[in-house]
Amino acid sequence: MTTIKLHNTKTRKREEFVPIDPENVRMYVCGPTVYDRAHLGNARPVIVFDVLYRLLRHVYGPDHVTYVRNFTDVDDKINARAAESGRSIAEITAETTQWFLDDMAAVGALEPNEMPRATAYIPQMVKMIEGLIASGHAYAAEGHVLFAVESYKEYGALSGRSIDDMIAGARVEVAPYKRNPMDFVLWKPSDADTPGWDSPWGRGRPGWHIECSAMSYELLGAHFDIHGGGNDLMFPHHENEIAQSCCAHPGSGFANYWLHNEMLQVEGKKMSKSLGNFFTVRDLLDQGVPGEVIRFVMLSTHYRKPMDWTEKKREEAEKTLDALLSPLSIAVAHRAVPSNAWGDVPKGIRETLIEDLNTSGALTCLRASAELVGKLAEGRGPGESDGATLQVACVEFLTGLEVLGLYELMLKRAARKRDNKDLLDDVHLRFVIARNLAMQTKDFSTVDQLKAGLKQAGVEVRMTKESVELVPGPEFNPAILEALK
RNA sequence: GGCGAGUUGGCGGAGUGGUUACGCAGCGGAUUGCAAAUCCGUGUACAGGAGUUCGAUUCUCCUACUCGCCUCCA
């Protein structure tokens, strides 16, 4: 059996991943609060954990992995958005949820098996809070219910903090009803204008952290394998989740492996509205940056390192992905399709991905796999180049694309290129005629003029003695093409 | 102040206790009407210091610098 190794934040070490039940590997990842479009940083954990999900499915079988990612649809940011826009909360959360699904699909993320909404689990949260009060881990005060951090010895273990240190460094005013400044809200009162649910503590709404504890318990049980999210969630969100869940279900252990991705930067700086380098996934897509490019750039940096989104990387990704199109068409022409079998993933990708999700290394191996397809198809591969060898290489290449989440996206990319190529039919014919003539007359002025125009329109001209091929590049602009006529 | 992560060649970015990926850019060549694309070849690196070791870029410690988090931001 293949052993995946993962860096566990809990132990700060790379550990062998041993599932609780190989028949049902369970993973929970914190999803978005649905009040606005997902920005590029939001896409990073989605893509990272999508690769992990695909990896687990290949290793343990597609039907033996349960992946849960929530939607937090009750939150004060949502309330604020509703108040300022005059729209209803339900309208905002429904719309934002669909945006998120659309945008993440565009970057090739599979939908998790379960996508629970927090508001559908309010009774479960109330029940969990009642249990925490009963066991002395929480207390009600002035309409709030607070978790008593001092009741949980391990509090701070995940993020490596002590309660005393945190109090010393606290920058925020402490609410008077808290027994300990670090106590956090499980439930808070709602006024008439704020969404609320009836509870033993009056009409109110849940605090931030309890929804993940309640939903992971309902859908994955008290003890499951992997819990993921961005490293900014380590404290306080995940720390609080652990405290709530472990105290509500003593002895369960909650999640065995905690995975955290590093943050995203843009051109070397933190993405922020004040710096003016803030953009959403949708912004990029609308600007013509396709999903596979976003995904490729994301995967080209290891998930535990800061990932810098730059224009240069975007350009390089376009070129690299274009270079995969020819092997892709060869594989498709050979009627190859991706396989679910772990053994059909190219060896190099298998070896790199199981080492704490080394996606950058895997992309290098993917290129090598593509190159092999090209060489075998031209009959100049290593060793015996028979049809069977080529067939295997094709399946492996496509399976490699699939496990990295690039297969479907690349098929679409290929289709777009074909559509663009159709637009070039007229000019292609003219070019061929002009060139044939020029070959006789040795006057290449018309040909060069046409070529310059095509280049301007973002079209690459590839000539051999016998043929002319026009390849639209990433900067292809059909409007400029029109001007050539 | 507390906690954590990082510092690899011109750029990006893996990895390893000894044989020094890979991509882009560069350079040389093949090819070409000229090009592009492609193919072949090629140079340059492990922040600084100390230690462990037969040997460290890889392990340990220290220093410097960068970055992130520290109550609702993935």
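Letters A, B, ... mirror the listed sequences (proteins, then strands); counts begin at 1.
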Item to check | Identity of whatever pairs with rA14(B) - Watson-Crick or G-U, under 3.5 angstrom | outcome: none
Item to check | Which residue lies more 5' along RNA chain B, comparing His209(A) with Arg462(A) via nearest heavy atoms | outcome: Arg462(A)
Checklist entry - What is the distance from CG of Leu454(A) to P of rA36(B), rounded to the nearest Å? => result 16 Å
Checklist entry - Passes salt bridge (charged side-chain N to carboxylate O under 4.0 Å, His left out), Glu311(A) versus Arg314(A)? Steps please. => result CA-CA 5 Å; Glu311(A) 173 59 20; Arg314(A) 200 227 86 215; 2.5 Å; yes
Item to check | Side-chain donor/acceptor contact of Lys451(A) with base of rC34(B) under 3.5 Å | outcome: yes
Checklist entry - When the distance from NZ of Lys269(A) to C1' of rU66(B) is rounded to whole Å, what number comes out? => result 14 Å
Item to check | Rounded distance (Å) that lies between atom P of rC69(B) and atom CH2 of Trp258(A) | outcome: 19 Å
Checklist entry - Could a donor-acceptor pair under 3.5 angstrom be found where the side chain of His39(A) meets the base of rA74(B)? => result yes
Checklist entry - Between Arg14(A) and His7(A), is there a donor-acceptor pair closer than 3.5 Å when you use the side chain of the first and the backbone of the second? => result no
Item to check | G-U wobble or Watson-Crick pairing nucleotide for rG43(B) (cut-off 3.5 Å, both distances) | outcome: none
Checklist entry - Paired with rA25(B): which nucleotide, if any, by Watson-Crick or G-U wobble criteria at under 3.5 Å for both distances? => result none
Next on the checklist: So, does Lys312(A) get its side chain near the phosphate of rA25(B), meaning an N or O under 4.0 Å from OP1 or OP2?
Outcome noted: no
Checklist entry - Is Lys178(A) near enough to rU71(B) that one of its side-chain N or O atoms lies under 4.0 angstrom from OP1 or OP2? => result no
Item to check | Rounded C1' spacing from rG33(B) to rC22(B) in Å | outcome: 36 Å
Item to check | Below 4.0 Å: OP1/OP2 of rC39(B) and any side-chain N or O of Lys375(A) | outcome: no
Item to check | Mate of rG4(B) where both pairing distances stay under 3.5 Å, Watson-Crick or G-U | outcome: rC67(B)
Checklist outcome for this item: As its Watson-Crick or G-U partner within any shown strand, both distances under 3.5 Å, rC34(B) has none
Item to check | Euclidean distance for P, rG43(B) against rA37(B) (whole angstrom) | outcome: 23 Å
Checklist entry - Quick one: do the Tyr303(A) and Asn358(A) side chains pair a donor with an acceptor below 3.5 Å? => result no
Checklist entry - Does Asp448(A) get its side chain close enough to the base of rG33(B), under 3.5 Å, for a donor-acceptor pair? => result yes
Item to check | Gap in Å between the two C1' atoms, one belonging to rU31(B) and one to rG41(B), rounded | outcome: 15 Å
Checklist entry - Expressed in whole Å, how much space separates the P atoms belonging to rA25(B) and rG1(B)? => result 45 Å
Next on the checklist: Of the options rG23(B), rG33(B), rA74(B), whose atoms approach the side-chain atoms of Met263(A) most closely?
Outcome noted: rA74(B)
Next on the checklist: I'd like the C1' distance from rA56(B) over to rU8(B), given in whole Å.
Outcome noted: 14 Å
Checklist entry - Ring centres of Phe49(A) and Tyr67(A) under 6.0 Å apart? => result no
Checklist entry - Within less than 4.0 Å of OP1 or OP2 of rC34(B), is there a side-chain N or O belonging to Lys442(A)? => result no
Checklist entry - With rounding to whole Å, what would you report as the distance between rG51(B) and rU57(B) at their P atoms? => result 14 Å
Checklist entry - Are any of Asn240(A)'s side-chain N or O atoms less than 4.0 Å away from OP1 or OP2 of rU71(B)? => result no
Item to check | Pairwise C1' distance for rA47(B) and rG6(B), with rounding to whole Å | outcome: 11 Å
Checklist entry - Between the side chain of Asp308(A) and the main-chain N/O of Gly268(A), is any donor-acceptor distance below 3.5 Å? => result yes
Checklist entry - Considering Watson-Crick and G-U wobble pairs with both distances under 3.5 Å, what does rU20(B) pair with? => result none
Checklist entry - Is there a Watson-Crick or G-U wobble partner for rA56(B) with both distances under 3.5 Å, and which nucleotide is it? => result none
Checklist entry - Mind checking the C1' distance from rC59(B) to rG55(B)? Whole angstroms is fine. => result 13 Å
Next on the checklist: For a quick test of reading the model: is some side-chain N or O of Lys465(A) closer than 4.0 Å to OP1 or OP2 of rG33(B)?
Outcome noted: yes
Checklist entry - Does OP1 or OP2 of rC3(B) have a side-chain N or O of Ser159(A) closer than 4.0 Å? => result no
Next on the checklist: Under a 4.0 Å threshold between the charged nitrogen and the carboxylate oxygen, would Lys347(A) count as salt-bridged to Glu351(A)?
Outcome noted: yes
Checklist entry - Is Arg304(A) salt-bridged to Glu262(A), cutoff N-O under 4.0 Å? => result no
